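Treat the numbers as computed from the prediction; the structure is a model and nothing was measured. Letters A, B, ... are given to chains in the order of the sequence lines, protein chains preceding strands, and every chain is numbered from 1.
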2 protein chains.
Amino acid sequence: MQNDHFQPHDHARCISTALDAAERFCAAQGLRLTPVRKRTLEILLSEHRALGAYDILAKLDADGFGSQPPVAYRALDFLTANGFAHKVEALNAYVACTHPGAEHAPAFLICRSCGVVEEAEAAPDKGPLARAAREAGFAIERAVVEAQGTCPACRSAHP
Amino acid sequence: MQNDHFQPHDHARCISTALDAAERFCAAQGLRLTPVRKRTLEILLSEHRALGAYDILAKLDADGFGSQPPVAYRALDFLTANGFAHKVEALNAYVACTHPGAEHAPAFLICRSCGVVEEAEAAPDKGPLARAAREAGFAIERAVVEAQGTCPACRSAHP
DNA sequence: ACATAAATGATATAACATTACACATCAACC
DNA sequence: GGTTGATGTGTAATGTTATATCATTTATGT
Ligand SMILES: [Zn+2]
Ligand SMILES: [Zn+2]
Ligand SMILES: [Zn+2]
Ligand SMILES: [Zn+2]
């Protein structure tokens, strides 16, 4: 794994890299990274945790944006549609993407103890699921791959 | 794949096999497959689709059981805790298990068109996710593996 | 029969998400 | 520069999924 966000790391770099990638991508594609959208991405980027839509909404409201659910959901729709964030289905929560820009099928390692969500590559054409799909003649369009467990940092802290 | 529930099949056999397995397992483990729980399992078994908790609740209510959400959620908790049913996270809905009794890590193929959910084995120690987890030193406790796409029956119907 | 534990009934509330409509902003064109 | 249509935002209302709590009933073991 090239990055391991369970361990201490230069997180300011995570933030600036992702923000920068989003800005470039939007400029290149003619997408509008408006203030609410950018702020929502910044909120998600602040930690490697999944945040609920209403947590995000509260922060947006505090920052002077709207206070109603669609404010958060619309920004999240934009971010997820363009690959800057993902929804973690097992948590009904949202996390910033750590592989921004590139097309990819995300998989997640979710620590139950500290809440950190690490993104990995799902490799949709490999693994047991892909094999089952081929055998059944099933055409996969989207895959949700989310593992819950304990990260190395938490395990060494509570042995 | 030994079973393929996207195709027509002897579904009465699916039902009786699963119900029978649940009854045996409960008898062997001293678990109580009470009327609400059994009826909930029958409702889930009626189709190879995922049903929302409130859909189930409506049927339980119609059958003279309680009408309040905990009635359905408690029955679903029992069924999922004992492996007779699973929650499909991507749909916030529940499906009967087709591998009842045995310990297993389920994976799902979900057809967007007809709604059929086929259960496969996730093989939690294989595949890209398991590899990423090993590299990160992450201990997986539970895995959510759900593929959405189109089944062979729907693809041949709408080519 | 009694004590204990497990399950159920019922009320309320929390958490997550969408629809609908009015208004503002922006880009493109004349 | 003003018009126009498309896109984005603010807000109210509502829909959907899930849990907390407490009283009551039912099963279990002695
Ligand atoms: Zn970081
Ligand atoms: Zn952790
Ligand atoms: Zn069947
Ligand atoms: Zn289908």
Atom-to-atom span, CG of L51(B) to P of dA18(D) - whole angstrom = 13 Å
request  = Could you tell me the separation between the NZ atom of K38(A) and the C1' atom of dT9(D), rounded to a whole number of Å?
outcome  = 19 Å
Terminal contacting nucleotides, 5' and 3', DNA chain C versus chain B (heavy atom, 4.0 Å) = dA6(C) to dT11(C)
Nearest-nucleotide 5' precedence on DNA chain C, F78(B) against E89(A) = F78(B)
note = Taken to the nearest whole Å, CG/L57(B) to P/dT16(D) is 14 Å
request  = Using heavy atoms to find the nearest nucleotide of DNA chain C for Q68(B) and G52(A) separately, return the residue whose nucleotide is more 5′.
outcome  = Q68(B)
query = Under 4.0 Å: is that the gap between some side-chain N or O of N92(B) and OP1 or OP2 of dA18(D)?
reply = yes
task = Return no unless some side-chain N or O of Y54(B) is found under 4.0 Å from OP1 or OP2 of dT17(D).
result = no
message = In this structure, how many angstroms lie between the C1' atom of dA18(D) and the CD1 atom of I56(B), rounded?
response = 13 Å
request  = Would you indicate what R74(A) reaches in the nucleic acid, counting non-hydrogen atoms under 4.0 angstrom: base, sugar-phosphate, or nothing?
outcome  = base
ask   = Atom CG of D55(B) to atom C1' of dA18(D): distance rounded to whole Å?
value = 15 Å
inquiry  = Does R112(B) have more than 12 heavy atoms from other residues, nucleotides or ligands lying within 6.0 Å of its CZ?
reply    = yes
inquiry  = If you apply the rule ring-ring contact (aromatic ring centres under 6.0 Å, His included), what do you find for F108(A) with H86(A), and how did you get there?
reply    = CA-CA 10 Å; F108(A) 301 104; H86(A) 304 293; 5.7 Å; yes
query = Quick one: L33(A) CG to dG8(D) P, roughly how many Å, whole number?
reply = 12 Å
query = Is atom CZ of R39(A) surrounded by more than 12 heavy atoms (other residues, nucleotides or ligands) closer than 6.0 Å?
reply = yes
ask   = Does R24(B) come within less than 4.0 Å of D20(B), counting only side-chain N to carboxylate O?
value = yes
ask   = Counting just side-chain N and O atoms, does Y94(B) come under 4.0 Å of either OP1 or OP2 of dA18(D)?
value = yes
ask   = So H48(A) and H9(A), would you call those rings parallel, tilted or perpendicular, with 30° and 60° as cut-offs?
value = tilted
side-chain N/O R37(A) vs dT9(D) OP1/OP2, d < 4.0 Å = yes
ask   = Do the side chains of I56(B) and V95(B) join up, straight or via other hydrophobic residues, at under 4.5 Å, putting them in one cluster?
value = no
ask   = Where do H5(B) and H11(B) land on the side-chain hydrogen bond (donor to acceptor under 3.5 Å, both in side chains) test, with the steps shown first?
value = CA-CA 9 Å; H5(B) 302 110; H11(B) 187 59; over 6 Å; no
ask   = L91(B) CG to dT17(D) P: how many Å, rounded?
value = 10 Å
request  = Specify the separation, in whole Å, of atom CG of D61(A) and atom P of dA12(D).
outcome  = 12 Å
